[in-house]
Amino acid sequence: MRKTTIIQILTGVSALALAAGVQAAALTFSAANFGDVSQLSTSGVLVDAAHFGADAEADVTVNGITFVSRGGSSPTLTVGGTAGASYYDANLYQAGTHTVGYTDIVGMSATDEELMFDSVVYGPGFGNSLVTLSGLIVGHSYRLELLLVRDHVAGNSTYLNNDPVGAFSGPYDWSNNAVQLVTSTFTADATTQKFRQYVGGDNNVNINAYQLRDVTPTNDPRLQVAATFSTTHDGSPLAISIPVSNLGAANNLEIASVTPGGADAAEFTVDSFTSPILPGGSGTIEVTFTPVGGGLHQANLTIASNDAANPSVDVSLQVNVLDPVASASPASINFGNLSPAPGPQTVSLFIDNLGSTFDLELNSLQITGPDAAIFSVGTYPATVAPAASAEVGITFQPGTEDGYFAASLAINTNDPAHPTITVPLSAAVELANPDASLRSHFTFDNAANVADDSGSFDNDGTVVGDAQRTTQSRVGAGALLLDGSGDLVDVGNGDDYTTQLVADGDGFTFACWAFIPNAATSGFTRFFSTYTPSAFVSEGWGVGTSSAQLIGTTYGKVDYLSSPAPARGVWHHFAYVFRNDPISRVDSYVDGALVASTGGTPTGLNPATTVGFAIGALGAPAATQYFNGRIDDLRIYDRELVAANIANLFNSAPPVSAYDAWASSFGLDPAGNGAPGADADGDGFTNLQEFLFGKDPEANDGTLTATERSGNTLIIRWKQLASGATYRLMESATLANPWTESAATVEPDGAQTGEYLPKKAQVTIGSGKNFFRVEGSEN
């Protein structure tokens, strides 16, 4: 008697390897007995039904169509209700070979066969199949279902991607004649998904059916909304509009509710939202944010809708309220350059609330820094209203202290973006007695000892090379003359100009006068240097110049360069103020005026045991960067002189004579080719004569005056200094003494040009001879 078993597999399945979303009809299987192996193709067609016993037979029904496999050596296979004469004797689970595209499988096309059996491997004595699940869409969810009918227990196992069958849902019943449906759900990724089944032992007879379903939710309607809304705003109420869309193609999106939640939910009010939203349509959720203070405010909106895949969606809300807004003016306070013991100095600081809604809370105003005790803060209000300002007095009271002073004012507020405003404070009080900190003073006035140090260090130097004293000085009776080749003054070794200068933490100052000829080298040259005395010179600190820059150097050859260097061929006053300890800034002055303030991160000064000192070069005896020119009145202080002290040093020197300034303007050295009695252009007139009459001392034009005749009138023209000199028109009948002052009228001959006035005299020509000349002399 034939026995029939009915097995129902879930409805709405997709056939193995079909594209996502393609639905297949329900597959219903039945079997009369378990003496055969049966498989289904991707289209639901029976692949094969094989017989192992002599008399047993099995009927398999697919969707009501019965497929019969009869016993004997040549069983008959009927597909689709039609009996076929073909015989397929290669059982999937027996040793042998399954050939893809084998056309004797009744009703099985090569395409179906390739989809079902991408790769099939058999082992001797034990059968196994490897099925590649092709055509999967990455990211989609799939459900693999297996219909298993077992005849024996021994040797059966199943794998997905070579993982044990535990990945499939159970329980398994491996008893004889068991019929069961096992499943596994997975998400396709970029790897190849494969399914393998092993059957071992003799007479292990199976009826097997496989099918794969795309179970990815179709999700229609589908809500689309940004996960986060973030913005900045002032303290006023803010209207927020959040776009929402329905990405579905068939169904309306119904929004049931929008509910605020989170830490600051009370500040967010949902005013309205669009519902329903048609397929492919869009709408908005309208929210009003009413802040109660500044800073970051956070909440979330929970959107409940009929989106089956995501019925509840959260949107994060973040509003950074930049209110109140603190501002301080001026941004920094400099009390300026003050006279000694200036008394209390007060400057107004204005603290503004630039916000629109909330009060600015002034939590504290604190002064910190090395000189904090000398600065103080006046009274100030606890709060500043929106768009209002508070005036606070900042006072500097140095008492009898002098020098540079620095501190920092921290204004601590409830400004959420910038809770602390920092205002630098500074002041400079002129040193009442700078000479009290003068440690070395080289005047170069002493003819017997040109390198005499009259400062408290008393570090008399030793002349090296042909360094010498010259009377062509800027201050006093002498200056140091160096030729840029092997000349210097060796000031010895020790720690006088290193640790002693900075031990008290208030920096130090170098100053000197220098005259650099136009022909001097354009490379680095040094007025003064500290160095490591060795074959390889390592500079400690030094000062100097090049044709383009001023040079202030600290330990480790950190060169603070400032541009431009002053013009050559003229005396200039140079001063370098090394600020703080360790040295962190160098202020450079030329002719009493600050030209640069440069800083960096050097490491301090050379140890006292490894330093030597030189004037006019870097190092000794292996010196470099020799200075070419004249140096005068070299001073080193162990204090930071302020701008007023530097200006006083410059102004204390006698003024440069008009003649020297004139000669230097032409690039002449007043102590050399520009000396008053020299004749730079060889035209027979001295430089002084050319100076008095406004001529070019380098242009040989052979005359100091000009004459022209008009009838009986002789016109004599010349230029003369507007001040500082005396001019007379002289005449003689014989070109010999006596010369007498002419009675001719001298009158202006045009407007003044620079320092010179054009003059002329008109003389009537008589019957006799007469000679005229113009005499000029400095007052």
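The first residue in the sequence is number 1, and the count goes up from there.
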Would the distance check show the side chain of Asp415 and the main-chain N or O of Ala326 forming a donor-acceptor pair, the cut-off being under 3.5 Å?
yes

Give the ring-plane orientation class for Tyr659 versus Trp662, where under 30° counts as parallel, over 60° as perpendicular and anything between as tilted.
tilted

Which pairs pass salt bridge (Lys or Arg N to Asp or Glu O under 4.0 Å) with one or both residues in residues 420-437, sequence neighbours excluded?
Asp435-Arg635

Can you confirm whether Asp453 sits close enough to Val491 that some side-chain heavy atom of one is under 4.5 Å from a side-chain heavy atom of the other?
no

Exam field: side chain Tyr576 to backbone Thr553, donor-acceptor pair closer than 3.5 Å:
no

Between Leu649 and Ala511, which heavy-atom pair has the shortest distance, and what is it?
CD1-CB, 4.0 Å

Under 3.5 Å, side chain of Thr509 to main-chain N/O of Leu641, donor-acceptor pair present?
yes

For the residue pair Phe335 and Phe375, does the interplanar ring angle fall in the parallel (under 30°), tilted (30 to 60°) or perpendicular (over 60°) class?
tilted

Lys719 (side chain) donor-acceptor with Tyr756 (main chain) under 3.5 angstrom
no

Measure the OG-CD1 distance between Ser327 and Ile421 for me, rounded to the nearest 0.5 Å.
6.0 Å

Validation row: Val642, Val429 side chains within 4.5 angstrom (heavy atoms)
no

Ring-plane angle category for Phe444 and Phe442, please: parallel below 30°, perpendicular beyond 60°, tilted otherwise.
parallel

Between Tyr404 and Ala643, the two heavy atoms sitting closest are OH-N, 3.6 Å

Heavy-atom closest pair, residues Pro670 and Pro676
O-CD, 4.3 Å

Rounding to 0.5 Å, atoms CZ (Phe666) and CG (Asn518) come to a distance of 13.0 Å

Heavy-atom nearest pair, Ala479 first then Trp571, reads CB-CH2, 4.2 Å

Show every donor-acceptor pair shorter than 3.5 Å between a side-chain atom in residues 683-693 and any protein atom, with sequence neighbours excluded, or say none if there are none.
{"residue": "Asp683", "atom": "OD1", "partner": "Phe685", "partner atom": "N", "Å": "3.0"}
{"residue": "Thr686", "atom": "OG1", "partner": "Gln689", "partner atom": "N", "Å": "3.1"}
{"residue": "Asn687", "atom": "OD1", "partner": "Ala680", "partner atom": "N", "Å": "3.2"}
{"residue": "Asn687", "atom": "ND2", "partner": "Asn673", "partner atom": "O", "Å": "3.0"}
{"residue": "Asn687", "atom": "ND2", "partner": "Ala675", "partner atom": "O", "Å": "2.9"}
{"residue": "Asn687", "atom": "ND2", "partner": "Ala678", "partner atom": "O", "Å": "3.2"}
{"residue": "Gln689", "atom": "OE1", "partner": "Thr686", "partner atom": "N", "Å": "2.9"}

Over 12 foreign heavy atoms within 6.0 Å of CD, Gln549
yes

Applying side chain to side chain contact (heavy atoms under 4.5 Å, CB included), name anything that partners Ala467, two or more places apart in sequence or on another chain.
Val463, Leu480, Leu482, Asp487

Evaluate the side chain to side chain contact (heavy atoms under 4.5 Å, CB included) criterion for residues Arg526 and Ile551: first the C-alpha distance (whole Å), next the side-chain angles of each, then the deciding distance (0.1 Å), finally the verdict.
CA-CA 8 Å; Arg526 298 292 168 166; Ile551 306 162; 3.6 Å; yes

Is the Tyr727 to Trp718 ring centre distance short of 6.0 Å?
no

Output for pair (Ser376 OG, Leu409 CG), nearest 0.5 Å, gives 10.5 Å

After noting the C-alpha distance and the side-chain angles of Leu721 and Glu778, does the key distance pass the side chain to side chain contact (heavy atoms under 4.5 Å, CB included) rule?
CA-CA 9 Å; Leu721 286 168; Glu778 288 186 290; 5.9 Å; no

Check step by step if side chain to side chain contact (heavy atoms under 4.5 Å, CB included) holds for Ile351 and Val392.
CA-CA 8 Å; Ile351 303 175; Val392 183; 4.0 Å; yes

List the steps, then state whether side-chain hydrogen bond (donor to acceptor under 3.5 Å, both in side chains) holds for Asp490 with Thr462.
CA-CA 5 Å; Asp490 187 349; Thr462 301; over 6 Å; no

Okay, side chain of Ser664, backbone of Ala661: is any donor-acceptor separation there less than 3.5 Å?
no

What pair of heavy atoms forms the shortest contact from Ser473 to Gly476, and how long is it?
OG-O, 2.7 Å

Mind checking the CG-NE2 spacing from Asn459 to His441? Nearest 0.5 Å is all I need.
14.5 Å

Non-neighbouring partners of Thr346 that pass side chain to side chain donor-acceptor pair (under 3.5 Å), sequence neighbours left out:
Thr395

Listed partners of Asp638 passing salt bridge (charged side-chain N to carboxylate O under 4.0 Å, His left out), at least two apart
Arg439

Just wondering, do His573 and Asp633 contact through their side chains at under 4.5 Å, heavy atoms?
no

Would the distance check show the side chain of Arg630 and the main-chain N or O of Thr470 forming a donor-acceptor pair, the cut-off being under 3.5 Å?
no

So, do Arg585 and Ser597 sit near enough that their side-chain heavy atoms are less than 4.5 Å apart?
yes

Answer yes when Asp632 and Arg474 have at least one side-chain N-carboxylate O distance shorter than 4.0 Å, and no when they do not.
no

Looking at Gly523, is its backbone amide N or carbonyl O close enough to the side chain of Ser546 to form a donor-acceptor pair, meaning the two atoms are under 3.5 Å apart?
no

Verify the ring-centre separation between Phe650 and Tyr589: is it less than 6.0 angstrom?
no

Would you find a donor on one side and an acceptor on the other, under 3.5 Å apart, between the side chain of Gln720 and the backbone of Ala722?
no

Rounded to the nearest 0.5 Å, the CG atom of Leu431 sits from the CG atom of Asn645 at a distance of 5.0 Å

Which word best sums up how the rings of Phe528 and Phe510 line up, parallel for under 30°, tilted for 30 to 60°, or perpendicular for over 60°?
tilted

So do Leu729 and Lys759 actually touch side chain to side chain, heavy atoms under 4.5 Å?
no

Test side chain to side chain contact (heavy atoms under 4.5 Å, CB included) applied to Ser348 - qualifying residues, sequence neighbours left out
Phe350, Glu391

Smallest separation among heavy atoms of Ala477 and Asp445, with atom names
N-OD1, 3.0 Å

Tell me, do Val543 and Phe574 make a side-chain contact under 4.5 Å, heavy atoms counted?
no

Criterion side-chain hydrogen bond (donor to acceptor under 3.5 Å, both in side chains) on Thr726 and Asn779, from CA distance to verdict
CA-CA 7 Å; Thr726 300; Asn779 293 342; 2.8 Å; yes

Start with the C-alpha gap between Trp541 and Val586, add the side-chain angles, then the distance that decides, and say whether side chain to side chain contact (heavy atoms under 4.5 Å, CB included) holds.
CA-CA 11 Å; Trp541 68 265; Val586 177; over 6 Å; no

Measuring from atom NZ of Lys760 to atom CG of Asp749, what distance do you get when rounded to the nearest 0.5 angstrom?
5.0 Å

Which word best sums up how the rings of Tyr497 and Phe457 line up, parallel for under 30°, tilted for 30 to 60°, or perpendicular for over 60°?
perpendicular

Heavy-atom side-chain contact between Thr545 and Thr525 under 4.5 Å:
yes

Side-chain heavy-atom pair Arg568, Ser547 within 4.5 angstrom cut-off:
yes

Whether Lys695 and Asp681 form a salt bridge (side-chain N of Lys/Arg under 4.0 Å from carboxylate O of Asp/Glu) is what I want to check.
no

